[in-house]
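Note sheet for the following structure.
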Amino acid sequence: AQSVTQLDSQVPVFEEAPVELRCNYSSSVSVYLFWYVQYPNQGLQLLLKYLSGSTLVESINGFEAEFNKSQTSFHLRKPSVHISDTAEYFCAVGRMDSSYKLIFGSGTRLLVRP
Amino acid sequence: GAGVSQSPSNKVTEKGKDVELRCDPISGHTALYWYRQRLGQGLEFLIYFQGNSAPDKSGLPSDRFSAERTGESVSTLTIQRTQQEDSAVYLCASSLLGGMTENEQFFGPGTRLTVL
C-alpha cells in the first residue's frame with residue numbers, strides 16, 4: 001500500500017520569501033508523484049508531476065519539486081512567493097503499474113502575507 | 001472549454017435522508033472518479049468509471065453509497081440514510097484516458113455535504 005505524509009498543515013510566509021512544502025511517501029512499488037493546488041473556491045489543479053527522467057520538475061508559475069528516491073520525498077519549493085500563491089497544496093502518489101488510483105496527502109495551506 | 005462541474009455546490013441535509021450529488025465531466029473524457037475529502041484530511045478514493053467497463057467500487061465506505069454513470073457523461077453519487085460522518089466535500093474528477101495514474105485528472109469544485 002502507498003501513503004503520503006504532509007507534515008505541515010499550514011505554512012505562513014511573507015511575500016517574496018522562499019518556501020518549501022514537505023511531502024514524504026511510502027510505497028512498495030515504483031510510483032509517479034504529483035502536486036495539486038487548490039485556490040480558494042476552485043477545484044484542484046495539477047501543478048506539476050514527476051513521471052520519469054529528470055528528478056527536478058518545474059511548473060509554469062515558478063514552483064519546482066525534486067524527487068528524492070532515497071529519502072522518499074517530493075518537496076515543493078519556490079524561491080519567492082506571491083500573494084496569489086495562497087492556496088492549499090496536495091501531494092499525491094500513483095502506482096506505475098497501470099493503476100488509476102491516486103493517494104493524496106492531507107494538504108498544506110500556504111498563507112502568503114504582505 | 002468547460003471544466004468538470006458539480007452540483008449542488010453545497011448541500012445541508014438531516015440525518016437519515018438520502019442525497020444525490022451530480023458530476024458533469026469534461027466532454028470526451030472516458031474516465032471519471034469520485035473522491036471524498038473530510039475536514040483536515042486528504043482525498044479518499046471512492047469509485048472509478050472507465051468507458052463501458054465495470055466500475056471499481058472498492059473505495060465506497062459502505063453499502064449506503066452508490067454511484068452511476070451513463071455512458072461517458074453525467075455521474076451521480078447517491079448516499080442513502082445519511083449519517084453525520086458523511087459530512088465532507090465530495091470531489092469529482094475526469095481524465096481523457098483511464099487506467100494509468102499518469103493521465104491527468106481534472107477536478108470539479110466539489111459538493112460540500114453537511115449532515116445535521
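By convention in this document, chain letters (A, B, ...) are assigned in the order of the sequence lines, proteins followed by strands, and residues within each chain are numbered from 1. Computed from a prediction, not measured in an experiment: that's the story for all the values here. Note that these values count all heavy atoms, side chains included, but never hydrogens, waters or copies made by symmetry.
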- Item | From B:Gln41 atom CD to A:Phe104 atom CZ, the distance as rounded to the nearest 0.5 Å | 14.5 Å
- Flag the one option from B:Gly42, B:Gly108, B:Ser9, B:Pro109 with the top tally of heavy-atom pairs under 4.5 Å to chain A. B:Gly42
- Rounded to the nearest 0.5 Å, how far does NZ of A:Lys101 lie from OH of B:Tyr35? 10.0 Å
- Item | chain B contacts, top residue of A:Cys91, A:Gly107, A:Ser9, A:Gly43 (heavy-atom pairs, under 4.5 Å) | A:Gly43
- Message: Is there a side-chain contact between B:Leu43 and A:Tyr36 in this structure, where contact means two heavy atoms from C-beta onward sitting under 4.5 Å apart?
- Response: no
- What about A:Leu21 and A:Val57, same hydrophobic cluster or not, with Ile/Leu/Val/Met/Phe/Trp/Tyr joined at side-chain heavy-atom distances under 4.5 Å? yes
- Item | From B:Gln37 atom CD to A:Phe90 atom CZ, the distance as rounded to the nearest 0.5 Å | 4.0 Å
- Query: When you look at CD of B:Glu14, are more than 12 heavy atoms from neighbouring residues, nucleotides or ligands closer to it than 6.0 Å?
  - Reply: no
- chain A contact via B:Ser95 - side chain, backbone, both or neither, heavy atoms under 4.5 Å: neither
- Query: Out of curiosity, A:Leu102 CG to B:Tyr33 OH, how far, rounded to the nearest 0.5 Å?
  - Reply: 7.5 Å
- Task: Examine B:Val4 and B:Tyr90 and state if one hydrophobic cluster contains both, with Ile, Leu, Val, Met, Phe, Trp and Tyr joined whenever side-chain heavy atoms are less than 4.5 Å apart.
- Result: no
- Can you tell me how far the CZ atom of B:Phe106 sits from the CG atom of A:Leu46, to the nearest 0.5 Å? 8.0 Å
- Message: How about CZ on B:Arg112, more than 12 heavy atoms from neighbouring residues, nucleotides or ligands closer than 6.0 Å, or not?
- Response: no
- Would A:Ile83 end up clustered with A:Tyr39 when hydrophobic side chains under 4.5 Å apart are linked, directly or stepwise? yes
- Query: Do B:Leu46 and B:Val89 sit in the same hydrophobic cluster, where Ile, Leu, Val, Met, Phe, Trp and Tyr count as joined when their side-chain heavy atoms come under 4.5 Å apart?
  - Reply: no
- Task: Report whether B:Leu21 and B:Phe107 are members of the same hydrophobic cluster (ILVMFWY, side-chain heavy atoms less than 4.5 Å apart, transitive linking).
- Result: no
